[in-house]
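Since the structure is predicted, the reported quantities are computational estimates derived from the model, not experimental observations.
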There are 2 protein chains.
Amino acid sequence: MATEIRREQAEARLRAVGLKVTAPRLAVLDAVTGHGHLDADAVHTRVMAELPATSLQSVYNVLGALAEAGLLRKIDPAGSAARYESRTGDNHHHLVCTGCGAVADVDCVVGEAPCLTPSNTGGFAVATAEVTFWGRCAECQAASG
Amino acid sequence: MATEIRREQAEARLRAVGLKVTAPRLAVLDAVTGHGHLDADAVHTRVMAELPATSLQSVYNVLGALAEAGLLRKIDPAGSAARYESRTGDNHHHLVCTGCGAVADVDCVVGEAPCLTPSNTGGFAVATAEVTFWGRCAECQAASG
DNA sequence: GAGTTGTTTTGAGTCATTCAAAACAACTGC
DNA sequence: GCAGTTGTTTTGAATGACTCAAAACAACTC
């Protein structure tokens, strides 16, 4: 059964990063995986469908732990709640709608490499580069010109 | 006197964007101009030095109005309060310290143009591209290896 | 199967920011 | 110059995402 296999894989991934396997962690991983960009509240709603006793605080704890472990990626666009996605490790970028806050993935900017290198680092030890495109999503364009 | 000239220029800039000239606006403009990246609280502190009756709420109002008018630029890195800078119109980018939240300007990334063009816009009407580099500033590196 | 260590829950608290209404001041036209 | 209008500032309260802390609990180790 596909569900069983997914769960075993999820358990293995948790163990691989040194995290204990718990029901809330499996539920959160499952809730986020393949469902785009969810904020803590949306994750909580999804998680409660199969694990009704889960507190929002736990969802915050778990999301934080999973993001720190690299199993999830956290994005935090200005003006919205933080969102989490399951697509990690490929340093893709994001499009954020200024109207409704919707987020879409951008596989890669044209030219890729240049975007990771600032021309002068001002003494900073640069670890990551984050690219965010702001615009209006198709729905918001349709809704108000 | 330089101060006089600066004030007249500030008044002209406010009028040019259709905003009424008020003491709080002149004070905020003066507080931010040439002083890097300040959050609302830091601006408030600076403004109060010369206009002690100014409320924090007014600072928020003014910063919002000036940013919307393009006289200031707002940056809002994840995990810090929003910051405002007087350098506008050149689409420069930022380095943000993951330790202390310090912000530094990056004149331009190497290769410039590619960074403004996502490879697929997913139906979005893209208006701006924002590039943020995350790392540790010189002080934080010195403080903790 | 008991102990240890890390996780989840519960409950309260923080902080940047926003909302709303009343007091007030800048610009317009006379 | 002065009254009216419109936009701004103040005051006070509220919101919402998120964090802190301590107690209850459950995974993994031996």
Side-chain angles (χ1 to χ4, degrees), chain A residues 7-8 10-29 31 37-45 47-48 50-69 71-72 74-84 96 101 103, chain B residues 7-8 10-29 31 37-45 47-48 50-69 71-72 74-84 96 101 103:
Chain A
R7 209 185 79 129
E8 278 164 27
E11 290 189 11
R13 291 169 68 203
L14 285 171
R15 283 185 225 280
V17 295
L19 289 173
K20 287 185 179 171
V21 176
T22 67
R25 284 179 178 167
L26 291 171
V28 166
L29 215 37
H37 311 84
L38 278 57
D39 62 20
D41 214 60
V43 173
H44 185 221
T45 300
V47 165
M48 286 213 295
E50 69 172 81
L51 209 66
T54 313
S55 67
L56 177 58
Q57 176 64 58
S58 284
V59 171
Y60 274 108
N61 292 160
V62 171
L63 287 172
L66 298 185
E68 195 176 358
L71 263 44
L72 294 179
K74 177 183 186 177
I75 59 175
D76 198 351
S80 318
R83 287 156 178 272
Y84 295 83
V96 183
V103 176
Chain B
R7 208 185 79 129
E8 278 164 28
E11 290 188 12
R13 291 169 68 204
L14 286 171
R15 283 187 225 279
V17 295
L19 289 173
K20 287 185 180 173
V21 176
T22 68
R25 285 179 177 167
L26 291 171
V28 166
L29 214 39
H37 311 84
L38 278 58
D39 63 20
D41 213 60
V43 173
H44 186 221
T45 301
V47 165
M48 286 214 293
E50 69 173 80
L51 210 66
T54 313
S55 68
L56 177 58
Q57 176 64 58
S58 284
V59 171
Y60 273 105
N61 291 161
V62 171
L63 286 172
L66 297 184
E68 195 177 357
L71 263 43
L72 294 179
K74 178 182 187 177
I75 58 175
D76 198 351
S80 317
R83 287 156 179 272
Y84 295 83
V96 182
V103 177

Quiz prompt | With A/Ala78 via side chain to side chain contact (heavy atoms under 4.5 Å, CB included) - residues at least two apart | solution = A/Trp134, B/Asp76

Practice problem: Considering non-hydrogen atoms only, spot the tightest contact between B/Gly101 and B/Ser80 and give its length. | Solution: CA-OG, 4.3 Å

Distance-only criterion, 3.5 Å: show the donor-acceptor pairs between side-chain atoms of residues 60-68 of chain A and protein atoms not counting sequence neighbours.
none

Quiz item: At what distance, to the nearest 0.5 angstrom, does CG of A/Leu26 lie from CD of A/Glu8?
Solution: 11.0 Å

Exercise. Taking only heavy atoms on the protein side, list every residue of residues 50-62 of chain B lying under 4.0 Å from any atom of DNA chain C, sorted numerically.
Key: B/Gln57, B/Tyr60

Quiz prompt | Residues from residues 13-23 of chain B lying under 4.0 Å of DNA chain C - heavy atoms | solution = B/Arg15, B/Lys20, B/Val21

Practice problem: Output all residues satisfying side chain to side chain donor-acceptor pair (under 3.5 Å) with B/Ser58, sequence neighbours left out; order by chain, then residue number. | Solution: B/Ser55

Practice problem: Please report, rounded to the nearest Å, how far the C1' atom of C/dA16 is from the CG atom of B/Leu38. | Solution: 16 Å

Quiz item: Where is the tightest heavy-atom contact between B/Arg83 and B/Val103, given as atom of each residue plus distance?
Solution: CD-CG2, 3.7 Å

Quiz item: In Å and rounded to the nearest 0.5 Å, what is the CG to CZ distance from A/Leu29 to A/Arg7?
Solution: 12.0 Å

Quiz item: For B/Lys20 and B/Leu14, which heavy atoms make the closest approach, and how far apart are they?
Solution: O-CD1, 4.4 Å

Quiz item: Where is the tightest heavy-atom contact between A/Thr54 and A/Leu51, given as atom of each residue plus distance?
Solution: OG1-O, 2.7 Å

Quiz prompt | First encountered from the 5' end of DNA chain C, between A/Arg25 and B/Ala81 | solution = A/Arg25

Exercise. Would you mind classifying the nucleic acid contact of B/Ala65 as base, sugar-phosphate or nothing, using non-hydrogen atoms under 4.0 angstrom?
Key: nothing

Self-check item: Covered region of DNA chain D, 5' end to 3' end, by chain B [heavy atoms, under 4.0 Å]
Solution: D/dT6 to D/dG12

Quiz item: Shortest non-hydrogen contact from B/Leu56 to B/Ala40?
Solution: CD1-O, 4.0 Å

